[in-house]
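The structure appears below as structure tokens.
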Amino acid sequence: MGRSNRDIQPFENERMNGQKRMNEMDSKANSMEGTSFTVFRDITEKLQMDEQYKQTEMLNVLGELAASIAHEIKNPLTSVKGFIQLLQGKIDGYSMYFNIMMAELERIDSTINELLILAKPQAVQYKNTNIIKIMQETIELLQVQTLMDNIKIKTDFKQDDISLYCEPNHLRQVFINILKNAIEVSKKNSSVLVGISIETEKYIKISITDFGTGIPEQRLKKLGEPFYTTKERGTGLGLMVSFKIIKEHGGKIKVESEVGKGTTFHLFLPIEQSNKMQD
């Protein structure tokens, strides 16, 4: 009887509807004299579950690490900010330096807050809020940055008031993160487009489009993963937090991009989920 060899190979195939699936071919040569045995398995869901499990484990570890780091930094940071504000009122002629220091400390504080969001469930207060108003307030917050970078934010809101049952501060954080990314990657004298509409009876759709360099397809899949970033000085925390917040709201994020033309983030927030949360 011949020697038995087993060969397991994964491969990707595309169905007639365009859907791509991962499969596994398990072959055993000479299982019987002069015969071979081959089994094909669809392992798409298994690979997705394995990936989700790895991400969950990584998030748990990162959460514990983030909590300890954030608390260690936040207390001395508060003291430093307080003393700088005190000195600002007593020392003349150095306002520019004080402003730069305060701006940098605010940037550190923002990163720490993102770490805390990752670290543990927050005390959230869901309430009916006009999603248009949250976006308008966010755009106003970023006015200085848009002026410095010579970028215009153009809006296309299908209605003046679209009510959503949500955590306003968390959604504002998501909008800040994605809009800041869009502004930073945009070319000078270009625009960032922001659209909000009721996509279907089930979803509100928020789209944020930049006309930057775009993101290659292989890198799109990694967006939202721990510490993965497309920016030279980025940490990846902003997008990671954004994906987490949208998921907690029962929504999803879809990213479309074309290299050399730009990127669009589509945020889908469920209307039905809003109704259930109120019951």
Just do the side chain to side chain contact (heavy atoms under 4.5 Å, CB included) check on Val241 and Phe243 with the steps written out, would you? CA-CA 6 Å; Val241 167; Phe243 274 81; over 6 Å; no
Separation of Leu87 CG from Ile91 CD1 (nearest 0.5 Å): 4.5 Å
Closest non-hydrogen atom pair between Tyr165 and Asn128, with its separation: CD1-N, 3.5 Å
Ser186 side chain to Gly212 backbone, donor-acceptor under 3.5 Å: no
Check Ile271 against Glu201 and note the closest heavy-atom contact, atom names and distance. CD1-O, 3.7 Å
Given Asp156 and Lys158, is the salt bridge (Lys or Arg N to Asp or Glu O under 4.0 Å) satisfied, shown in steps? CA-CA 6 Å; Asp156 180 18; Lys158 300 303 180 185; 3.2 Å; yes
Just by modelled atom types, is the Glu167 backbone N or O under 3.5 Å from a matching donor or acceptor in the His249 side chain? yes
Are any of the side-chain heavy atoms of Thr263 and Thr213 separated by less than 4.5 Å? no
With clusters defined by side-chain heavy atoms of hydrophobic residues (ILVMFWY) lying less than 4.5 Å apart, directly or transitively, does Leu267 cluster with Leu193? no
How long is the straight-line distance from CD1 of Ile204 back to CD1 of Ile131, given to the nearest 0.5 Å? 6.0 Å
Rounded distance [0.5 Å steps], OG in Ser197 versus OH in Tyr203: 14.0 Å
Let's go through Phe98 and Ile84 carefully: what are the C-alpha distance in whole Å and the side-chain angles of both, what is the deciding distance for side chain to side chain contact (heavy atoms under 4.5 Å, CB included) to 0.1 Å, and is it a yes or a no? CA-CA 7 Å; Phe98 283 125; Ile84 288 176; 3.8 Å; yes
Candidates Val185, Val259, Leu220 - the one meeting side-chain contact (heavy atoms from CB on, under 4.5 Å) with Ile215: Leu220
Under the side-chain contact (heavy atoms from CB on, under 4.5 Å) test against Ile253, which residue among Leu239, Ile206, Ile246 passes? Ile246
Flag yes if Leu269 and Ile176 sit in one hydrophobic cluster, no otherwise; membership is Ile, Leu, Val, Met, Phe, Trp, Tyr, and two members link when side-chain heavy atoms are under 4.5 Å apart. no
Gln159 side chain to Ile162 main-chain N or O, any donor-acceptor pair under 3.5 Å? no
Where the side chain of Thr264 meets the backbone of Thr209, is there a donor-acceptor pair that is under 3.5 Å apart? no
Say whether, by atom type as modelled, one donor and one acceptor occur between the side chain of Thr129 and the main chain of Lys127 under 3.5 angstrom. yes
In terms of heavy-atom contacts, Asn189 and Ile151 come closest through N-CD1, 4.4 Å
NZ/Lys252 to CZ/Phe268 distance, rounded to the nearest 0.5 angstrom? 6.0 Å
Spell out, as yes or no, whether a donor-acceptor pair under 3.5 Å connects the side chain of Asn130 to the backbone of Ile132. yes
Are Asn181 and Asp210 close enough that some pair of their side-chain heavy atoms sits under 4.5 Å apart? no
Straight-line distance of Lys81 NZ to Leu86 CG, nearest 0.5 Å: 15.0 Å
With Phe175, which of Glu137, Met135, His170 fulfils side-chain contact (heavy atoms from CB on, under 4.5 Å)? Met135
Applying side chain to side chain contact (heavy atoms under 4.5 Å, CB included), run through His266 and Val255 and close with a yes or a no. CA-CA 6 Å; His266 298 292; Val255 187; over 6 Å; no
NZ of Lys254 to OG of Ser207: how many Å apart, nearest 0.5 Å? 10.0 Å
Test side chain to side chain donor-acceptor pair (under 3.5 Å) on Asn169 and Gln173 and set out the steps. CA-CA 6 Å; Asn169 291 325; Gln173 183 67 50; over 6 Å; no
Let me see the working for Ile134 and Cys166 under side chain to side chain contact (heavy atoms under 4.5 Å, CB included), right down to the final yes or no. CA-CA 11 Å; Ile134 297 175; Cys166 63; 4.2 Å; yes
Could you see if Phe83 belongs to whatever hydrophobic cluster contains Val80? Use Ile, Leu, Val, Met, Phe, Trp, Tyr and a side-chain cutoff under 4.5 Å. no
Kindly indicate whether the side chain of Lys188, heavy atoms from C-beta on, has any atom under 4.5 Å from the side chain of Asp149. yes
How about Asp92: does its CG atom have over 12 heavy atoms from other parts shown lying under 6.0 Å from it? no
Are Leu141 and Ile196 joined in one hydrophobic group, where the rule is that I, L, V, M, F, W and Y side chains link up if heavy atoms are under 4.5 Å apart? no
If every non-hydrogen atom of Ser257 is compared with every non-hydrogen atom of Gly262, which pair is closest and at what distance? OG-O, 3.2 Å
Tell me whether Phe157 shares a hydrophobic cluster with Val192, the cluster being built from Ile, Leu, Val, Met, Phe, Trp, Tyr side chains joined at under 4.5 Å. yes
